[in-house]
Amino acid sequence: MRRTGAREKVNTFGTVREVYKRSVIRLGYPTKNLTIPAGTNRTCRLANLHDVEKVRTLIRENIEGLMTIMRWNAERGIQLFRMGQAMIPFASHPDFPYDWEDEHGDELRQAGRLARELSIRLSMHPGQYIQPGSLKPEVVERSLAELRYVARLFDLIGSSDSVLVLHMGGAYEDRATTARRFAGVMHSETEVLRYLALENDERVWSVPEIVETANYLGIPAVTDAFHHDLNPGGRTLQEAFDLSLPTWKTRGDRPKLHLSSQDPEKQPGAHAYCVDFGDWRALVDALCGRETDVMVEAKGKEHALVPLGIEL
């Protein structure tokens with residue numbers, strides 16, 4: 001009986017792989033590769049930022065890690081990769097010890113050329129502490145400084161399809177007021193808006209809400225299927241895609257989605273090591289054959305792509 005069940009599961013995955021090929025879904029994973037291993041998120045403590053040689057070495061290791069991962073990914077048909085936020089550790093901090101754009105610009109341009117040669121789309125996803133809609137002016141300024149750093153990094157890389165994915169943060173005293181405040185802060189950040197895409201979250205902002213703000217700013221929206229399951233905003237997954245996928249037409253890029261599954265041993269919202277088959281099936285069905293790029297946010301990184309059709 002166990003052998004039969006295993007055979008049926010393999011056959012089912014095979015069927016979904018065929019759907020995957022027909023739907024032209026490109027896959028990727030974030031920040032590091034567990035197989036090589038290599039990473040893009042080496043950092044240091046703020047107290048050690050004065051050690052210029054250490055900081056230079058960390059950044060060069062991150063850039064070299066990025067190039068190593070991209071070559072490895074390209075050999076296996078993995079066309080998306082999310083760089084770690086600490087590619088340039090503390091780049092937005094006022095105490096950063098040197099001009100990182102001048103020092104590392106050539107290396108980043110080289111990485112960008114490689115990404116384009118290999119047809120790999122790069123992205124970055126600042127953490128929850130980046131909140132342009134905050135009520136605190138100091139939080140807003142720190143958030144904008146970090147977003148500007150990412151935009152400058154993407155400018156040096158030189159790939160127009162790079163994406164800066166951001167959550168809208170807290171709702172604070174009033175959702176509508178917060179959304180207007182967020183949009184008001186961001187509307188003049190033209191260099192950031194060239195790359196920015198808003199993502200729904202599992203607690204506060206649903207897909208319909210982030211699409212409304214994204215449309216106001218003239219930028220795309222990313223539907224995270226896992227977050228949508230926890231915070232659906234009264235919409236099915238297909239309806240969420242119906243709202244978010246068309247927002248990418250303004251930029252002329254392929255739409256981008258996020259996929260992950262619940263870790264059964266942790267609190268709601270915690271990502272599992274791999275993607276549950278049912279979650280993958282639900283995403284493919286809801287897409288209805290539409291082309292898209294899917295960032296798989298699983299603890300297993302590249303290993304989580306194997307059941308989805310990638311051979312490592």
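Between the side chains of Ser206 and Asn231, no donor-acceptor pair of N or O atoms lies under 3.5 Å. If you check the side chains of Gln85 and His125, you find no donor sitting under 3.5 Å from an acceptor. Side chains of Ser92 and Glu146: a donor-acceptor N/O pair is present below 3.5 angstrom, by distance only. If you check the side chains of Tyr149 and Glu101, you find no donor sitting under 3.5 Å from an acceptor.
Residue Phe226 is found in a hydrophobic cluster whose other members, listed by chain and number, are Leu230; membership requires side-chain heavy atoms under 4.5 Å apart, directly or through intermediates. The hydrophobic cluster containing Met295 also includes Leu80, under a criterion of side-chain heavy atoms closer than 4.5 Å among ILVMFWY residues, counted directly or through chains of members. Taking Ile, Leu, Val, Met, Phe, Trp and Tyr as hydrophobic and joining them when side-chain heavy atoms fall under 4.5 Å apart, one finds Tyr273 in a cluster with Leu34.
Considering only residues two or more places apart in sequence or on other chains, His303 meets the ring-ring contact (aromatic ring centres under 6.0 Å, His included) condition with none of them. Residues passing the ring-ring contact (aromatic ring centres under 6.0 Å, His included) test with Tyr216, sequence neighbours excluded: none. Applying the ring-ring contact (aromatic ring centres under 6.0 Å, His included) test to Tyr29 and every residue at least two apart in sequence or in another chain returns Phe81. With sequence neighbours excluded, no residue satisfies side-chain hydrogen bond (donor to acceptor under 3.5 Å, both in side chains) with Arg142. Residues forming a side-chain hydrogen bond (donor to acceptor under 3.5 Å, both in side chains) with Ser162 (at least two apart in sequence, or on another chain): none. Residues satisfying the side-chain hydrogen bond (donor to acceptor under 3.5 Å, both in side chains) test with Thr236, not counting sequence neighbours, are Glu239. The salt bridge (charged side-chain N to carboxylate O under 4.0 Å, His left out) check on Arg194 picks up Asp155, Glu191, with sequence neighbours excluded. Contacts of His227 classified as ring-ring contact (aromatic ring centres under 6.0 Å, His included), with partners at least two apart in sequence or in another chain: His167.
You'll find the side chain of Pro126 reaches within 4.5 Å of the side chain of Leu147, heavy atoms only. A heavy-atom distance below 4.5 Å is found between the side chains of Pro208 and Arg235. Residues Arg56 and Ile59 fail the side-chain proximity criterion, which asks for heavy atoms closer than 4.5 Å. Proximity of Ile210 to Thr213: side-chain heavy atoms (C-beta onward) are nowhere separated by under 4.5 Å.
A pairwise comparison of heavy atoms in Asn62 and Met87 identifies ND2-O, 3.2 Å as the closest pair. Pairing each heavy atom of Leu27 with each of Leu305, the nearest pair is CB-CD2, 4.3 Å. When all heavy atoms of Leu122 and Ile157 are compared, the pair lying nearest together is CD1-CG2, 4.1 Å.
Val192 and Val222 fall into different hydrophobic clusters, where Ile, Leu, Val, Met, Phe, Trp and Tyr residues are linked whenever their side-chain heavy atoms come under 4.5 Å apart, directly or through other members. Residues Leu156 and Val55 share a single hydrophobic cluster, defined by chaining ILVMFWY side chains whose heavy atoms lie under 4.5 Å apart.
Checking side-chain atoms of Asp224 against main-chain N and O of Asn200 turns up no donor-acceptor pair under 3.5 Å. Formation of a donor-acceptor pair under 3.5 Å by the Thr250 side chain with backbone atoms of Thr247 is found in this model.
No more than 12 heavy atoms of other residues, nucleotides or ligands shown are found within 6.0 angstrom of CD on Glu311. Remark: Arg175 CZ is packed, more than 12 non-hydrogen atoms of other residues, nucleotides or ligands lying under 6.0 Å away. Taking a 6.0 Å sphere around NZ of Lys32, one finds it holds 12 or fewer heavy atoms contributed by other residues, nucleotides or ligands. For Glu212, the CD atom sits in a loose shell: 12 or fewer heavy atoms of surrounding residues, nucleotides or ligands are nearer than 6.0 Å. The number of heavy atoms from other shown groups lying within 6.0 Å of CD (Glu138) is above 12.
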Does His104 form a ring pair (Phe, Tyr, Trp, His ring centres under 6.0 Å) with Tyr98? I'd like the steps, not just the answer. CA-CA 10 Å; His104 302 288; Tyr98 62 89; 5.6 Å; yes
Mind running side chain to side chain donor-acceptor pair (under 3.5 Å) on Thr178 and Arg181 for me, showing each step along the way? CA-CA 5 Å; Thr178 299; Arg181 184 169 58 250; 3.3 Å; yes
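The distance from atom CG of Leu118 to atom CE of Met70, rounded to the nearest 0.5 Å, is 6.5 Å. Expressed to the nearest 0.5 Å, how far OG of Ser134 lies from CD of Glu141 amounts to 11.0 Å.
Checked for salt-bridge contact, Arg26 and Asp293 meet the test: a charged N lies under 4.0 Å from a carboxylate O.
For residues 181-207, the ring pair (Phe, Tyr, Trp, His ring centres under 6.0 Å) pairs, not counting sequence neighbours, are Phe154-Tyr195.
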